[in-house]
> 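Would you mind keeping the following structure in view while I ask a few things?
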Amino acid sequence: MAPPKVLMVAEKPSIALSIASTISGGQMHSRKGSTDVHEFEGMFIGLPAYFKVTSVTGHVFSVDFPAKYQDWSATDPIDLFQAPIQKTEANPKAHICRHLSQEAHGCSHLVLWLDCDREGENICFEVIQCTGFQVNDAKRKVHRARFSSVTGKDILKAMNCLVEPNKYEALAVDARQEIDLKVGVAFTRFQTGYFQGKYGDLDSRVISYGPCQTPTLGFCVQRYLQITTFKPEKFWALRPHIMIDGYELQLEWERHRLFDLDVALMFQKLVLQDRILEVTDMSEKQESKGRPPGLNTVNLLKIASSALGFGPQVAMQLAERLYIQGFISLNGNLGGYGHFHVFTFEPKLTNDSPRLYCESTAYPSSFDFKGTLGALANNPMWGDYVQGLLSDGYHKPQSGTDAGDHPPITPMRSANEDMLGRDAWRLYQYVCQHFLGTVSPDCKYIRTKVEFSIGGEFFHCIGLHVTVKGFTSIMPWLAVSEKNLPQFAKGDKIEVSKVELFEGQTAPPDYLSESELISLMEKNGIGTDASISAHINNICERNYVQVQAGRKLVPTALGITLIRGYQCIDPDLCLPDIRGFIEQQINLVAKGEADHSCVVQHVLEQFKQKYSYFVKQIDNMDALFEAQFSPLADSGRALSKCGKCLRYMKYISSQPSRLYCGTCEEVYYLPQKGTIKLYKELTCPLDNFELLIFAMAGPEGKSFPLCPFCYNSPPFEGIDTLFGVSKTSSSGKLGKGTGMPCFLCPHPTCRHSLIAQGVCACPECNGTLVLDPISAPKWRLYCNMCNCLVLLPQGAHRIATTRERCPECDSTIIEVDFNKNTTPLEDGATLHSGCILCDDLLHSLVEVKHGKSFFKRAGKWARARGRGGHRGRGRGLGKMDPKMSFRDF
DNA sequence: GCAAGGTC
């Protein structure tokens, strides 16, 4: 009998590789798939077995509303609270579900190696669903491996005590997903619709709300408000100076500072009257500054922002690259674990008692410090320092304090600036310095305090003398600065040289730094180490805050107005506790103390009430918007004439760009990310609106006419392809700015429709090549569906479509008026019409240019393709297969 | 066009 097959699934490919390497001892066969699969023979529960180890890439599924709730105008957001939700594949193109189902075929055991956190537990059940295993099936068993790090020791330990996946924890994640989706989307749709329908200069595509992003913004605005409401106060401080051996020394006042000038003056007078300082006490204390604990993701992001000037998103990208290239290990959810730990697993380092590491700043007991140090020993930058550590003995790092079950970020390989590039090098350098810091001695110094009295007042000065630099020699920015004091003796009497009355003023705090924000988010449980950067990025992209010099976060008028609005309607909405509340509720589910659907119902009911109240009170928030923003009617410049009232509409250029008819109070969205202008005062034959020309950005961006009304409300049935549909969205959702330009319009007689401007079938897809009407003198056709471009005879005076069709291939006959200096026609004739496929002259003058790649099939490309019976994607642009996309007419 | 969470 063949040995049983065991399928093991990890959360990401790198962990699958580590697990397979460990269990197989490196003796495995790997093959490609949606994700790699590693196969080998071994023992499972005491019997021979055939193993297959593969992975997912994070969540397999994500939640969303069904299609009927996707139309913003047709759905009242309050209905979303009770709406059904559905799970769809998070990345349909990756076919992870199919992959798992195929790999599971014929397997009698499933071992779940997903990360040991709540999200991982949830992914376990996603995997179970894809594989077709059942949790309580005695014949095909499901096992959960619980590992605290991806080290050889922990992997083998987990293999030997497999448990069951925890349904409660998975359900808690389901609950969070549903709550976040419903609350976020309901508030976002409502406030977007409300405020964008009234104001023209909000400059944000969407006025989003979310239980993470909004409190994040709240922190920034809170600081802003502290600054603007700050009242400076004057204060005074007495500063006596003494001269010793020609050096002047300034003493600090025990009272620090006073806010009353008269009182300060009185003390100054007392001191001046006495004139003699007496040394009343001297103390020396041995103090130390501890070496840092291991580096975790959040701290790396903070340092990257505050010391290196990299935003969290950039820092994550740099770190990921360094990880992939094997220069550093990563912890948290960033990139997983280095294989380093697996392959250099040394039993002799593990004589510590076995222990679970729950802190992401703590190193696993099996961490190979010697190996890691050895890897850095030849580096010219800090090689000497490393040699010193290796010969004098490195120190055991501090145990960390942060939660999470991942080992710290450490260097893996030596590198120099040339290998990494400037930015990555700076980050890598920090990782190395930090790692070396964690295994260096603490910094030790002696702190001397000398106390004085004069005129009944007390003063002091402090001296610092470093005895052991320790880790500060590799992290010099943390060094304790030496401060020498002259020799004093108790009872010494010294004459003051002057008694300054320093006048100062209290100052407001600075804007919140990104690094402070990250700390606040971490402290309040807003986001995770992997998502913190996304939330910060979010509030920047939505134009709520701007990152200014020194990575300070300055809220915009929009950000401030939103938060002030929540504060006056329902402050809970922007407080960090809102996340805490959700978290605490789903914790009950995770612990099995409350039923999943009861909790979801309960939490949603509360948010629904908050939502209703918010909608009811929106006037209060609107009063703040009114004071800050301009009504649509006052915004923008007059552009196209409305076909209903025949008055000019206003073009609102701030995103989302749109037209607003003040008389009809209607908004017409436009295609986004391009320029728009009037199209010669031409009008749409259907509704009389003035046509516009939209030009997409870039030299190859197509330009096309559109009718503002038709674009938003396609006039014919069966227009299932629209312009501007998000390509990344699986459900083909419609959004602002999607619509029907003239090149998709099937109007039979309009000069600008697909019928009039279409020339022939696109060689790349099912679309139609249409004439770009304003492309002169670089005349071209573009596909109305994909990005295929065809260059027409260059420099022609005019190129236009005619109403005639080619008798051979049914393409539209085009008419070309060549420039008389460059005309290819005999006798200087300039006018020529024909089919671009069948007319030899025209055909020789066209080139296909598709995206960045440029190709031309030796002048006969179209025919060759047709005649050869080539069955590629779509139909060829050939005379044997010439059907146009308007064949339906 | 919308949330937050994985990871690529």
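Letters go in sequence order (proteins before strands), and every chain restarts at 1. As the structure is a prediction and not an experimental result, all values here were calculated from the model.
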> Assign each of A/R579 and A/S73 to its nearest nucleotide of DNA chain B by heavy atoms, then name whichever residue's nucleotide is nearer the 5' end.
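The residue mapped nearer the 5' terminus is A/S73.
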> I need the CG-P distance between A/D64 and B/dC2, as an integer number of Å.
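Checked: the CG to P distance equals 11 Å.
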> Around atom OH of A/Y194, are there more than 12 heavy atoms from other residues, nucleotides or ligands closer than 6.0 Å?
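Above 12, so yes.
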> A/R658 and A/E666: salt bridge (charged side-chain N to carboxylate O under 4.0 Å, His left out), yes or no, with the steps?
CA-CA 10 Å; A/R658 64 215 121 129; A/E666 286 281 358; over 6 Å; no
> Report yes or no: is the ring centroid of A/W72 under 5.5 Å from the six-membered base ring centroid of B/dG1, with the two planes under 30 degrees?
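Ring-base stacking flag set for A/W72 and B/dG1.
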> Could you check whether A/V60 gets within reach of a base, just the sugar-phosphate, or nothing at all, counting any heavy atom under 4.0 Å?
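Result for A/V60 = nothing.
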> Under 4.0 Å, counting only non-hydrogen atoms across every strand here, what does A/G120 touch: a base, just sugar-phosphate, or nothing?
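A/G120: no heavy atom of the nucleic acid under 4.0 Å.
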> A/R205 has an atom CZ; how far is it from atom P of B/dA3, in whole Å?
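Atom-to-atom, A/R205 to B/dA3, this comes out as 10 Å.
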> What integer distance in Å separates A/L114:CG from B/dG6:P?
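After rounding, the gap between these two atoms is 13 Å.
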> What does A/Y209 touch in the nucleic acid at a heavy-atom separation under 4.0 angstrom: a base, only the sugar-phosphate, or nothing?
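It contacts sugar-phosphate atoms only.
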> From B/dC8, B/dA3, B/dG5, pick the nucleotide closest to the side chain of A/E119?
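For the A/E119 side chain, the nearest candidate turns out to be B/dG5.
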> Sequence neighbours excluded and cut-off under 3.5 Å, please list the side-chain donor-acceptor pairs for residues 74-83 of chain A, or say none.
from, atom 1, to, atom 2, distance (Å)
A/T75, OG1, A/D71, O, 3.1
A/D76, OD1, A/I78, N, 3.1
A/Q82, OE1, A/K608, NZ, 3.3

> Taking any heavy-atom pair under 4.0 Å as a contact, classify A/P656: base, sugar-phosphate, or nothing.
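No contact.
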> For A/T57, report the nucleic acid contact type (base, sugar-phosphate, nothing); a contact means any heavy atom under 4.0 Å.
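The answer is base, as A/T57 lies within the cut-off (heavy atoms under 4.0 Å) of a base atom.
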> Using the test side chain to side chain contact (heavy atoms under 4.5 Å, CB included), find all partners of A/D36 that sit at least two apart in sequence or belong to another chain.
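If we apply the side chain to side chain contact (heavy atoms under 4.5 Å, CB included) test to A/D36, skipping adjacent residues, the hits are A/K32, A/H38.
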> Of the nucleotides B/dG6, B/dA4, B/dG1, which one has an atom closest to the side chain of A/V206?
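Among the listed nucleotides, the one closest to the side chain of A/V206 is B/dG1.
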> Could you tell me whether A/R542 contacts a base, only the sugar-phosphate backbone, or nothing, with contacts defined as non-hydrogen atoms closer than 4.0 Å?
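Touches sugar-phosphate only.
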> Who are the side-chain hydrogen bond (donor to acceptor under 3.5 Å, both in side chains) partners of A/E126, not counting sequence neighbours?
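A/H59.
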> Nearest-Å distance, NE2 (A/H59) to C1' (B/dC8)?
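Checked: the NE2 to C1' distance equals 15 Å.
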> Please pick, from B/dA3, B/dC2, B/dG5, the nucleotide with the shortest atom-to-atom distance to any side-chain atom of A/N538.
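Nearest to the side chain of A/N538 among the choices is B/dA3.
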> Under the 3.5 Å rule, do the base of B/dC8 and the side chain of A/E320 count as making a donor-acceptor pair?
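Flag unset: no donor-acceptor pair detected.
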> Do the side chain of A/N538 and the main chain of A/Q213 share a donor and acceptor less than 3.5 angstrom apart?
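Checking the backbone N and O of A/Q213 against the side chain of A/N538, no donor-acceptor pair under 3.5 Å is found.
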> Figure out the CD/C1' separation between A/Q213 and B/dG5, and round it to whole Å.
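Those two atoms, CD and C1', are 14 Å apart.
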> Heavy-atom contacts under 4.0 Å between residues 75-84 of chain A and DNA chain B, which residues?
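Contacting residues: none.
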> Considering only side-chain heavy atoms of A/C212, which listed nucleotide, B/dC8, B/dG5, B/dA3, is closest?
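Per side-chain heavy atoms of A/C212, the pick is B/dG5.
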> Listed by chain and number, what are the side-chain hydrogen bond (donor to acceptor under 3.5 Å, both in side chains) partners of A/Y711, not counting sequence neighbours?
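Scan of A/Y711 (side-chain hydrogen bond (donor to acceptor under 3.5 Å, both in side chains), adjacent residues dropped) gives none.
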> Hey, could you give me each pair passing salt bridge (charged side-chain N to carboxylate O under 4.0 Å, His left out) that has a residue in residues 168-177 of chain A? Not counting sequence neighbours.
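Non-adjacent pairs meeting salt bridge (charged side-chain N to carboxylate O under 4.0 Å, His left out): A/K87-A/D174, A/E119-A/R176, A/R176-A/D180.
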> For A/K12 and B/dG6, what is the distance between atoms NZ and P respectively, to the nearest whole Å?
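Between P of B/dG6 and NZ of A/K12: 10 Å.
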> What's the closest nucleotide to the side chain of A/R189 if the choices are B/dG5, B/dA4, B/dC2?
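Shortest atom-to-atom distance from the side chain points to B/dC2.
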> Calculate the interatomic distance between A/I123 atom CD1 and B/dA4 atom P; express it in whole Å.
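One finds 18 Å between P of B/dA4 and CD1 of A/I123, rounded.
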> Can you check the A/D180 CG to B/dG6 C1' distance for me, whole Å?
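So the CG-C1' distance, A/D180 to B/dG6, works out to 13 Å.
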